[in-house]
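Convention: sequence-line order gives letters A, B, ...; per-chain numbering from 1.
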Amino acid sequence: MAFKIATWNINSVRLRMPIVERLIMEVAPDVLCLQETKCPNDLFPRERFEALGYPHIAMNGQKGYHGVATLSKMPFDDVVTQDYCAVGDARHLSARIAVGQRAIRVHNLYVPAGGDEPDPAINPKFRHKLDFVEEMRSMRASGEPGVSSILVGDLNIAPFPEDVWSHKQLLKVVSHTPVETEGLLRVIAEGGWSDLVRQALPLPEKVYTWWSYRAKDWTAADRGRRLDHVWSSADLSPHLTSVEILRDARGWERPSDHVPIVVSLDI
DNA sequence: ATGGTTGTGTGACAA
């Protein structure tokens, strides 16, 4: 059966509902993972998503900051949230979804951005980011017997030189420093994860999922970074049928600075 | 050239 999963940092779910609905109408993913919802759980627009065909909703939100939500057409159970670094941030949510005969644990993550100064000794936000990535090393693609895994989200790290507009100019910019990129690649390798985006769009093709709000013209300069990711356990990667980076969404009405990634699998 | 924009919620932060 065909299975389609999308991930999108929408930078406020309430403000962005019109374009989230546009994505749903145009793409109709089976599962939609949102990050940076910036919305307490009791104010989440649950009824709107139910009306759009997503009756199964898991959320981990907080007021004003962070927040992740997973919307599904198919039932899930065993929802787990992990409090990374034990600071009480709403940055993770996972659920075990029944897809045909298979069970898939879908992790939805929002890794700290890390501030501006790439020195953990003087920037606590960068220290927090590095600690968060360190804690991600315990997340294994084959963590549960008989359960496959997909990990999506805004990981706020662009690991490869071709994941940024200028490798040389971003080597000391938070999101592309060696300590971050090596840390994220270690999480992938040790956890037994497959990078589905790079499987479908292999190096050295440039791939970006984020463009700063601060640029005068995001598309003219095209100074993007690949901060959003979709990984899977090794058993799922042979079933990958397509990966779409919805670059056009950066130009939609009142856009997020991130665009959706849509991954299709034939399971 | 150390700028620039957006969001939450009306302040100062975070990104």
Side-chain angles (χ1 to χ4, degrees), chain A residues 7-23 33-45 59-69 83-85 87-92 108-120 122-133 136 152-159 163-166 168-177 179-181 183-184 208-229 247-261:
Chain A
T7 180
W8 197 8
N9 175 323
I10 32 80
N11 187 15
S12 170
V13 66
R14 285 173 288 176
L15 191 68
R16 229 61 82 182
M17 269 318 280
I19 58 171
V20 174
E21 293 191 23
R22 179 170 175 181
L23 175 78
C33 295
L34 302 175
Q35 302 87 37
E36 249 196 306
T37 53
K38 293 186 171 178
C39 182
N41 290 345
D42 57 347
L43 296 178
F44 191 88
M59 53 189 128
N60 181 15
Q62 67 183 83
K63 184 180 177 183
Y65 300 102
H66 324 313
V68 292
D83 181 9
Y84 280 81
C85 306
V87 291
D89 285 355
R91 294 182 178 274
H92 169 265
N108 183 355
L109 271 163
Y110 176 46
V111 174
D116 289 330
E117 178 56 57
D119 180 350
I122 61 175
N123 176 8
K125 286 188 276 194
F126 195 63
R127 175 79 267 157
H128 179 210
K129 184 178 195 177
L130 297 183
D131 291 345
F132 195 106
V133 172
M136 285 173 69
V152 308
D154 174 7
L155 306 186
N156 267 315
I157 297 172
D163 292 334
V164 293
W165 64 275
S166 169
K168 189 177 174 184
Q169 288 178 255
L170 288 173
L171 271 172
K172 292 180 179 175
V173 174
V174 171
S175 73
H176 194 60
T177 65
V179 64
E180 294 170 86
T181 60
L184 196 70
Y208 312 138
T209 64
W210 172 92
W211 292 262
S212 173
Y213 282 128
R214 298 175 188 175
K216 279 197 180 73
D217 183 340
W218 71 273
T219 188
D222 199 21
R223 294 185 169 186
R225 306 178 200 172
R226 185 171 75 104
L227 303 181
D228 302 274
H229 297 266
R247 181 187 170 101
D248 287 354
R250 186 62 179 79
W252 288 356
E253 184 84 17
R254 293 207 76 176
S256 170
D257 44 357
H258 295 254
V259 299
I261 303 174

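- Scored by the side chain to side chain contact (heavy atoms under 4.5 Å, CB included) test, A/L23 finds A/W8, A/V27, A/L32, A/L246, A/W252, A/P260 as partners (sequence neighbours excluded).
- Taking atom CZ of residue A/R254 and atom P of nucleotide B/dT5, one finds them 15 Å apart after rounding to whole Å.
- As rounded to whole Å, 16 Å separates atom P of B/dA1 from atom NZ of A/K216.
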For residues 59-69 of chain A, dump all side-chain donor-acceptor pairs below 3.5 Å to protein atoms at least two apart in sequence or in another chain.
unit_1, atom_1, unit_2, atom_2, d
A/N60, ND2, A/H92, O, 2.8
A/Q62, OE1, A/A90, N, 2.6
A/H66, ND1, A/R91, NH2, 3.3
A/H66, NE2, A/R91, NH2, 3.4

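- In terms of the side chain to side chain contact (heavy atoms under 4.5 Å, CB included) criterion, residue partners of A/R127 (sequence neighbours excluded) are, by chain and number, A/P120, A/L130, A/D131.
- Every residue two or more places apart in sequence or in another chain that forms a side chain to side chain contact (heavy atoms under 4.5 Å, CB included) with A/D42 is listed here: A/P40.
- For A/P118, the side chain to side chain contact (heavy atoms under 4.5 Å, CB included) partners are A/F126, A/V174, A/T177, not counting sequence neighbours.
- Taken from CG in A/L155 to NE2 in A/H229, the straight-line distance is 5.0 Å, to the nearest 0.5 Å.
- The P atoms of B/dG3 and B/dG7 are separated by 22 Å, rounded to the nearest whole Å.
- If you take atom P in B/dA15 and the same atom in B/dG9, they sit 15 Å apart, rounded to whole Å.
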Distances under 3.5 Å between nitrogen or oxygen atoms of protein and nucleotides 13-15 of chain B:
unit_1, atom_1, unit_2, atom_2, d
B/dA14, OP2, A/K125, NZ, 3.3
B/dA15, OP1, A/R91, NH2, 3.2
B/dA15, N6, A/R214, NH2, 2.5
B/dA15, N1, A/R214, NH2, 3.0

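- Heavy atoms only, all atoms of each residue included: A/D89 and A/D83 are closest at N-OD1, 3.8 Å.
- Spacing of P atoms, B/dT6 relative to B/dG11, comes out at 22 Å, to the nearest Å.
- Distances shorter than 4.0 Å separate some side-chain N or O of A/S12 from OP1 or OP2 on B/dT8.
- Computed from coordinates, the A/L15 CG to B/dT5 P distance equals 18 Å when rounded to whole Å.
- One can place CD of A/Q169 at 13 Å from C1' of B/dA1, the figure rounded to the nearest angstrom.
- Straight-line distance between the C1' atoms of B/dA14 and B/dG4: roughly 16 Å, to the nearest whole Å.
- Taking 4.0 angstrom as the limit, A/R14 places none of its side-chain polar atoms (N or O) nearer than this to OP1 or OP2 of B/dT8.
- Note on A/R223: nothing from the nucleic acid sits closer than 4.0 angstrom, heavy atoms only.
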